[in-house]
Amino acid sequence: MKVSKPRGTRDFLPEETARRRNVENIMRQVVNKWDYKEVITPTFENLELFTLKSGEGVIGELYNFSDKGDRKMALRPELTAPVMRMYVNEMQATPRPQKLFYFENCFRYERPQKGRFREFWQFGVEVIGSNRPDADAEIIALATTMLNAAGIKGDLHVGHLGIIRHMLKELEPDQQSKIMRLVDKKDDTGLEDYFEEINIPVELRRNLLELICVTGTDAIAKAREIVGDIEEIDKFEQILIFLDAYDIDYSINLGIARGLDYYTGMVFEIYAEGLGAQNQVCGGGSYQLIPLFGGGDVPSTGFGLGFDRIMEVCEIMPEKQKSVVIIATDETRTDAIKVATSMRKELTVYLDIMQRNFKTQLSHANNIGADYAVIVGKKEIESGKLTVKNMEIGDQSQLTLDEAIELIKNS
RNA sequence: GCCGGGGUAGGGUAGCGGUUAUCCUGUAGCCUUGUGGAGGCUACGAUCCGAGUUCGACUCUCGGUCCCGGCCCCA
C-alpha cells in the first residue's frame, strides 16, 4: 500500500456508512421530537478555548498546530467548549433556555484502542440557561431515549456534585478539586492519604467516605443522614422524581465526581455492555463554562454520546430500499437514460455505464443484488411497454412506465 | 507514556533459510449484445518499511510503522 490512512482514523465503506447514517438519523429524529435545534461550529478553534476549559495539560492530547499567521489552533477534541463559545459570541440575547444539539467529528491525539479513535464522532446536547431540576431530568431522559432508539441497553448512573461540594465548602478550592478528582478515580487509598496530608476533621473524613459509597433506592435518605437537610439534596431528589415520571431506570451513585471544576450539580454516566475497557457511551451533567469564556452567569446542562461506541454494539440495520437496474442495448442507451430519469422521480435506479452487453448487464444486476431489472430494448421501445423482471423470482411482465413504477414501489 | 499479540493479492488464508509463494473469494473480459445466479477459459493481484546475519531472507535478528487487546488518561 502506497499511502495509508493516518493512525486512529477509519474509512467507512458503503455498507458501514449506511449503518452509521441510519442510526444517526434515528437519533436525530429523537432530538427533533424534543425540539432541540442543531448547531455547527468550526472543526478547529483557537487553542486557548480548550486550554481555558481543561488546562494546559490537554495540549498533549490535542491535534494542535500553528497556522500561517502563527496563530495557535487545535482541532476540536469535543464540542461543549465550542458551543459555549458560540453562545457567548452570538447567542447571549436569545431566549432562554436554548436547547441545542450537534453531531460532529472530534479529534484527540491518543493511543487508539477498542472504542477509541483519533477521529471520532460525538452526538451531543446542551441546554443553556436553566439550572432547574427539570432541565437536568430532561437531559438524562433525552440521552436515555436516544440510546433506546438506537437499541442500546445502557446502565444509567446518576449523581450530584452539589452534595459533596456542600460538605467540602469549608476547604480551600484547590483542596476541593483534588478530592473531587480522587473520588472520580475511586482512588480510596489516595483519598485517605490526602486526608491525612491536609489533616481534615475526622468527622468530615468519615462522612465523605460514607457519602461516596451511597447507592440504592434509599440513597436520598442516607445522604440526608450524613449531610443533613440541604438544598442540593432537595434538588437531586426532584430530579429523581422527574426521572420516575419519565419512567427511566437509574442507579444513584454519589461517587460520580467528574473531576473537573466546571461541573456544578447533577452528573450522569451511561455504560453499555460488550465494549471492553471503553464501555462508557454517554456522560453528562450540569456545568458552568460561560463565565470562563467571557459571558455572563448562565448555567448549562448537557451530555455527549460516543457515537462510535454506540455503533460498535448497535445491531440496527438500515432498511434496504428496492433497487432497480436498467438493462439496455447499444441502440437503446439514450432511451434508457430517459427511462431512468423518469423512474428516478419515484425510485432508486441504477444505470449501466460500462457499455456491457445484455447478458453481462443482467449478470451484473444480479451481482449487485438488484431487486428488479427493467429491460429497455428495441422491442420495448417499439411496443411502448417495458419488460420488468423480478430478479428474485425470475418472472417478468410487459408494463408501461407508470405501471412499472407502481409495481416496484408496491412490492 | 507503558505492556502483550499481530502484519503474505481488494477480502480471507497456507507455508517455508533456496517453492513458478498455497488455496478460497473478488474484479474485468470471453464462452454469438434479448435474459442473471452454475460451469469453463483468460487477465489483474501479495510477503508492511528499513537495516543486519547469510552464498541465499517472506522465513532469523534489530529498529520503525500500522493494526488488535490491556494499563494510564478520558474534556
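In this text, all values refer to a predicted model and were calculated from it rather than measured experimentally. Below, read A as the first sequence line, B as the second, and so on, with proteins coming before strands; counting in each chain starts at 1.
A salt bridge links A/R76 to A/E104: one of the charged nitrogens lies within less than 4.0 Å of a carboxylate oxygen. The pair A/K99-A/E138 counts as a salt bridge, with a side-chain nitrogen and a carboxylate oxygen less than 4.0 angstrom apart. Salt bridge A/E48/A/R71: absent, no basic N to carboxylate O contact under 4.0 Å. A salt bridge between A/K235 and A/D136 is absent, with no side-chain N of the basic residue lying under 4.0 Å from a carboxylate O of the acidic one. Electrostatic pairing of A/R309 and A/E312 does not count as a salt bridge here, judged by no charged N lying under 4.0 Å from a carboxylate O. A salt bridge does not link A/E210 to A/K222: none of the charged side-chain nitrogens sits closer than 4.0 Å to a carboxylate oxygen.
Among the atoms of the strands shown, none is found under 4.0 Å from any heavy atom of A/E331. No contact: A/Q361 has no heavy atom under 4.0 Å from any strand.
Between A/G377 and A/H364, the residue anchored closer to the 5' end of RNA chain B is A/H364, taking for each the nucleotide with the nearest heavy atom. Taking the nucleotide of RNA chain B with the nearest heavy atom to each of A/R118 and A/T332, the more 5' of the two is matched to A/T332.
Within a 6.0 Å radius of CG in A/D249, no more than 12 heavy atoms belonging to other residues, nucleotides or ligands are found.
Spacing between atom CG of A/N367 and atom C1' of B/rG26 amounts to 10 Å, rounded to whole angstrom units. Atoms CG (A/D352) and P (B/rA28) sit 11 Å apart, rounded to a whole Å. With rounding to whole Å, A/L182 atom CG is found 11 Å from B/rC73 atom P. In this structure, OH of A/Y63 is placed 19 Å from P of B/rC74, rounded to the nearest angstrom. Protein atom CG of A/L275 is 14 Å distant from nucleotide atom P of B/rC68, rounded to whole Å. Between the C1' atom of B/rG34 and the CZ atom of A/R333 lies a distance of 13 Å, rounded to the nearest Å. Summarising the geometry, the separation between CD on A/E15 and P on B/rG11 is reported as 16 Å, rounded to the nearest angstrom. Distance A/F117 CZ to B/rC73 P: 21 Å, rounded to the nearest Å.
Listed nucleotides: B/rG34, B/rG36, B/rA75. Nearest to the side chain of A/S54: B/rA75. Taking only side-chain atoms of A/I375, from C-beta outward, the nucleotide of B/rA75, B/rU35, B/rA28 with the closest atom is B/rU35. Listed candidates were B/rC73, B/rA75, B/rG34. Nearest to the side chain of A/K185 is B/rC73. In the set B/rG37, B/rA75, B/rG34, B/rG34 carries the atom at the smallest distance from any side-chain atom of A/F358. Of the listed nucleotides (B/rG29, B/rG70, B/rC74), B/rG70 has the atom at the smallest distance from the side chain of A/Q113. Comparing atom distances between the A/K389 side chain and each of B/rU35, B/rG34, B/rC74 picks out B/rU35 as nearest. Closest to the A/N357 side chain, of the nucleotides B/rU35, B/rC30, B/rA75, is B/rC30. The A/M354 side chain lies nearest to B/rA28 when the options are B/rA28, B/rU35, B/rA75. Considering only side-chain atoms of A/R7, the nucleotide from B/rA28, B/rC67, B/rA75 that sits closest is B/rC67. Among the nucleotides B/rC68, B/rU33, B/rG70, the one closest to the side chain of A/R111 is B/rG70.
Partner assigned to B/rC60 is B/rG52, using Watson-Crick or G-U wobble distances below 3.5 angstrom. With a cut-off of 3.5 Å on both Watson-Crick or G-U wobble distances, the partner of B/rG1 is given as B/rC71. Both distances falling under 3.5 Å, in either a Watson-Crick or a G-U wobble arrangement, occur for no nucleotide opposite B/rU47. Both distances falling under 3.5 Å, in either a Watson-Crick or a G-U wobble arrangement, occur for no nucleotide opposite B/rG34. Nucleotide B/rG29 forms a Watson-Crick or G-U wobble pair with B/rC41, both donor-acceptor distances falling under 3.5 Å.
Going from the P atom of B/rA21 to that of B/rA57 covers 15 Å, rounded to whole Å. Taking atom C1' on both nucleotides, B/rC67 is separated from B/rG11 by 16 Å, rounded to a whole Å. Of the C1' atoms belonging to B/rG29 and B/rA46, the separation is 23 Å, rounded to the nearest Å. When the P atom is used for both B/rU20 and B/rG63, the distance is 33 Å, rounded to whole Å. Nucleotides B/rA14 and B/rC58 have their C1' atoms positioned 13 Å apart, rounded to a whole Å. Rounded to a whole angstrom, the distance from the P atom of B/rU61 to that of B/rG70 is 27 Å. Taking atom C1' on both nucleotides, B/rC68 is separated from B/rC48 by 16 Å, rounded to a whole Å. The same atom, P, is picked in B/rG36 and in B/rC31; the two are 14 Å apart, to the nearest Å.
Phosphate contact (OP1/OP2 of B/rU32, side-chain N/O of A/K359, threshold under 4.0 Å): absent.
Side-chain atoms of A/Q396 come within donor-acceptor range of the base of B/rU35, with a qualifying N/O pair under 3.5 Å. Side-chain atoms of A/R116 and base atoms of B/rC74 include a donor and an acceptor less than 3.5 Å apart.
Contact record, A/E110 with A/R118: O-NE, 2.7 Å, taken as the closest heavy-atom pair.
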